[in-house]
Engineer: 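Handing you this structure, nothing more for now.
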Amino acid sequence: MNRSTFPHRLLPWLLIAPQLAISLVFFYWPAVQALWQSMLREDPFGLKSRFVGLQNFQKVLAEPAYINSIQVTAVFSILTAFFSMAIALLLAVQAEKIVRGRGFYRTLMIWPYAVAPAIAGMLWLFMFNPSFGTLAAIPRALGIHWDPLLNGTQAMGLVVAAASWKQISYNFLFFVAGLQAIPKSLLEASAIDGAGPVRRFWTIVFPLLAPTSFFLLVVNTVYALFDTFGIIHAVTSGGPGKSTETLVYKVYNDGFVNLLIGSSAAQSVILMVIVIALTAFQFRYVERKVHYG
């Protein structure tokens, strides 16, 4: 077997230098700064700081509001990832059945991804505003006293819906690509053997989509933990009563609103550890069940 070699030893390093520089400036350096800041505590006037070791971490982990944020984040992330992936898969399967106007249908499905998170949150807030929202009449017609500005459960449902709607387009693209990669001969052979559409989906289509689903599971988990800040800030600002205050929003609230820099830095470090551990767990255990054909 011939081994490929570069004509100059510096060439490989020059090729990866831009990516290394971006990672160093925008990830490693801020991560080191956050880790150092998490071990400091500033005076009330912000004029000087002193080293306190792990006291910020101990204080954060003993805070009931932070434990509440962990619970809120777990519920929000699971619901957002599930609904955004499930609905996207359903729409992608239906898109494959369309013969005429398939391109137009796919274009309509992609558009929501271009909407900024804060704008998406404002759209859903206006549509479901209890006073003048056009879609707020639907829950009221069902006998539900709809007021997400005061009801924590309804507020959680609203931010989950907005976050899921924003991510459906992204998932839709990958599921469509995965469906197109499935050999049509397999589906035709199963149809000849008498398998119905539902059985063909669960025995052939869904298992072959496992690599795509696993990739989207990782991406949607990171999306729910980080990229939904704009949606939560626009819709509920973490309320009512901290019922929608996720970990990333609490980092912002404590650091930029309450100016608790040390506590906010400690929370960001904990969040980074949680994301790394969760991603490693997914690759370690979930990927075992993924079969790459």
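Source: prediction; values computed, not measured. Any value given below was found using the heavy atoms of this structure, including those in side chains, with hydrogens, waters and symmetry copies removed.
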Engineer: Side-chain contact, heavy-atom cut-off 4.5 Å: Phe76 with Thr244?
Structural biologist: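 They are not in contact (no side-chain heavy atoms under 4.5 Å apart), so the answer is no.
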Engineer: Do Ser263 and Asn56 have side-chain atoms, one donor and one acceptor, less than 3.5 Å apart?
Structural biologist: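 No, because no side-chain N or O of Ser263 sits under 3.5 Å from a partner of the opposite role on Asn56.
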Engineer: Tyr66 ring centre to Lys250 NZ or CZ under 6.0 Å, with the angle to the axis within 45°?
Structural biologist: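 Lys250 over Tyr66 ring: no.
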Engineer: Measure from the side-chain N and O atoms of Ser243 to the backbone N and O of Pro240, and report whether any donor-acceptor pair falls under 3.5 Å.
Structural biologist: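 Present.
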Engineer: Kindly compute the distance separating CG (Leu217) from CZ (Phe82), expressed to the nearest 0.5 Å.
Structural biologist: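 These two atoms lie 12.5 Å from each other.
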Engineer: Given side chains that start at C-beta, do those of Arg41 and Phe51 come closer than 4.5 Å, heavy atoms only?
Structural biologist: no
Engineer: Could you check whether the rings of Tyr252 and His233 sit parallel, tilted or perpendicular, using 30° and 60° as the cut-offs?
Structural biologist: perpendicular
Engineer: Indicate, with yes or no, if Phe57 and Met272 share a hydrophobic cluster defined by side-chain heavy-atom contacts under 4.5 Å among Ile, Leu, Val, Met, Phe, Trp and Tyr.
Structural biologist: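 Met272 does not cluster with Phe57.
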Engineer: Report the C-alpha separation of Asp227 and Gln167 in whole Å, then their side-chain angles, then the decisive distance to 0.1 Å, and conclude whether the side-chain contact (heavy atoms from CB on, under 4.5 Å) test is met.
Structural biologist: CA-CA 10 Å; Asp227 295 343; Gln167 190 69 2; over 6 Å; no
Engineer: Any chain of hydrophobic side-chain contacts (each under 4.5 Å) joining Phe226 to Val72?
Structural biologist: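 Phe226 clusters together with Val72.
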Engineer: Is the count of non-hydrogen atoms from other residues, nucleotides or ligands lying under 6.0 Å from Arg140 atom CZ greater than 12?
Structural biologist: yes
Engineer: State whether the side chain of Asn129 and the backbone N or O of Ser131 hold a donor-acceptor pair below 3.5 Å, judged by distance alone.
Structural biologist: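 Pair found, side chain donor or acceptor close to backbone of Ser131.
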Engineer: Side-chain heavy atoms under 4.5 angstrom apart, residues restricted to Ile, Leu, Val, Met, Phe, Trp, Tyr: same cluster for Leu271 and Leu61?
Structural biologist: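 Linked, Leu271 and Leu61 end up in one cluster.
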Engineer: For the pair Phe132 and Phe126, name the ring-plane relationship: parallel under 30°, tilted 30 to 60°, perpendicular over 60°.
Structural biologist: tilted
Engineer: Rounded at 0.5 Å granularity, tell me how far CD1 in Ile168 sits from CZ in Phe83.
Structural biologist: 10.5 Å
Engineer: Any idea which heavy atoms bring Ala266 and Val60 closest together, and the distance?
Structural biologist: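 Taking every non-hydrogen atom into account, CB-CG2, 4.3 Å.
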Engineer: What do the steps show when you test Val159 against Thr228 for side-chain contact (heavy atoms from CB on, under 4.5 Å), and what is the final call?
Structural biologist: CA-CA 9 Å; Val159 293; Thr228 53; over 6 Å; no
Engineer: Does Phe128 offer a backbone N or O that forms a donor-acceptor pair with the side chain of Trp146 under 3.5 Å?
Structural biologist: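 Pair found, side chain donor or acceptor close to backbone of Phe128.
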Engineer: Ring centres under 6.0 Å, that's the criterion: do Phe172 and Phe175 meet it?
Structural biologist: no
Engineer: Could you check whether any side-chain heavy atom of Ile232 comes within less than 4.5 Å of a side-chain heavy atom of Thr246, counting everything from C-beta outward?
Structural biologist: yes
Engineer: If you take all heavy atoms of Gln154 and His145, which pair is closest and at what distance?
Structural biologist: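 That closest heavy-atom pairing would be NE2-O, 2.9 Å.
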Engineer: Taking Ala163's backbone N and O only, do any of them form a donor-acceptor pair with Thr80's side chain (distance below 3.5 Å, no angle check)?
Structural biologist: no
Engineer: Considering all heavy atoms of both residues, which atom of Leu40 and which atom of Ser49 are nearest to each other, and what is their separation?
Structural biologist: CD1-OG, 4.1 Å
Engineer: With rounding to the nearest 0.5 angstrom, report the CZ to OG distance, Phe256 to Ser264.
Structural biologist: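 Rounded to the nearest 0.5 Å, the CZ-OG separation comes to 6.5 Å.
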Engineer: Are any side-chain N or O atoms of Ser77 and backbone N or O atoms of Ala74, one a donor and one an acceptor, separated by less than 3.5 Å?
Structural biologist: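 Side chain of Ser77 to backbone of Ala74, a donor-acceptor pair under 3.5 Å: no, none is there.
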Engineer: Check the hydrophobic clustering (I, L, V, M, F, W, Y; side-chain heavy atoms under 4.5 Å; chains of links allowed) and say if Tyr249 and Ile261 are grouped together.
Structural biologist: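 Different hydrophobic clusters.
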Engineer: Just how far is it from atom CG of Leu79 to atom OG of Ser164, taken to the nearest 0.5 Å?
Structural biologist: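 It comes to 8.0 Å.
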Engineer: Where is the tightest heavy-atom contact between Pro130 and Ala136, given as atom of each residue plus distance?
Structural biologist: CA-CB, 4.4 Å
Engineer: Looking only at heavy atoms, what is the nearest atom pair of Gly121 and Val235, with distance?
Structural biologist: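 Heavy atoms only, the tightest pair is O-CG2, 3.2 Å.
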Engineer: Is there a side-chain contact between Val75 and Gln71 in this structure, where contact means two heavy atoms from C-beta onward sitting under 4.5 Å apart?
Structural biologist: no
Engineer: Could you check if a side-chain atom of Trp111 sits within less than 4.5 angstrom of a side-chain atom of Leu108, using non-hydrogen atoms only?
Structural biologist: yes
Engineer: Carefully, step by step, assess Asn171 and Asn220 under the rule side-chain contact (heavy atoms from CB on, under 4.5 Å).
Structural biologist: CA-CA 9 Å; Asn171 298 336; Asn220 280 263; 2.9 Å; yes
Engineer: For Pro117 and Ile231, which heavy atoms make the closest approach, and how far apart are they?
Structural biologist: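 Looking at all heavy atoms of both residues, the shortest contact is O-CG1, 3.2 Å.
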Engineer: For residues Phe201 and Ile204, determine if any side-chain heavy atom of one lies less than 4.5 Å from a side-chain heavy atom of the other.
Structural biologist: no
Engineer: Can you check whether Ala65's main-chain N or O pairs, donor with acceptor, with Ser69's side chain at less than 3.5 Å?
Structural biologist: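 Answer holds: yes.
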Engineer: How long is the gap from CG on Asn253 to NZ on Lys242, to the nearest 0.5 Å?
Structural biologist: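 Asn253 atom CG to Lys242 atom NZ measures 5.5 Å (nearest 0.5 Å).
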Engineer: Give the C-alpha distance, both sets of side-chain angles, the deciding distance and a yes or no for side-chain contact (heavy atoms from CB on, under 4.5 Å) between Asp254 and Gln267.
Structural biologist: CA-CA 9 Å; Asp254 287 356; Gln267 293 176 38; 2.7 Å; yes
Engineer: Hydrophobic clustering (ILVMFWY, side-chain heavy atoms < 4.5 Å, transitive) - are Ile270 and Val251 grouped together?
Structural biologist: no
Engineer: Can you tell me how far OG1 of Thr236 sits from CG of Leu149, rounded to the nearest 0.5 angstrom?
Structural biologist: 9.0 Å
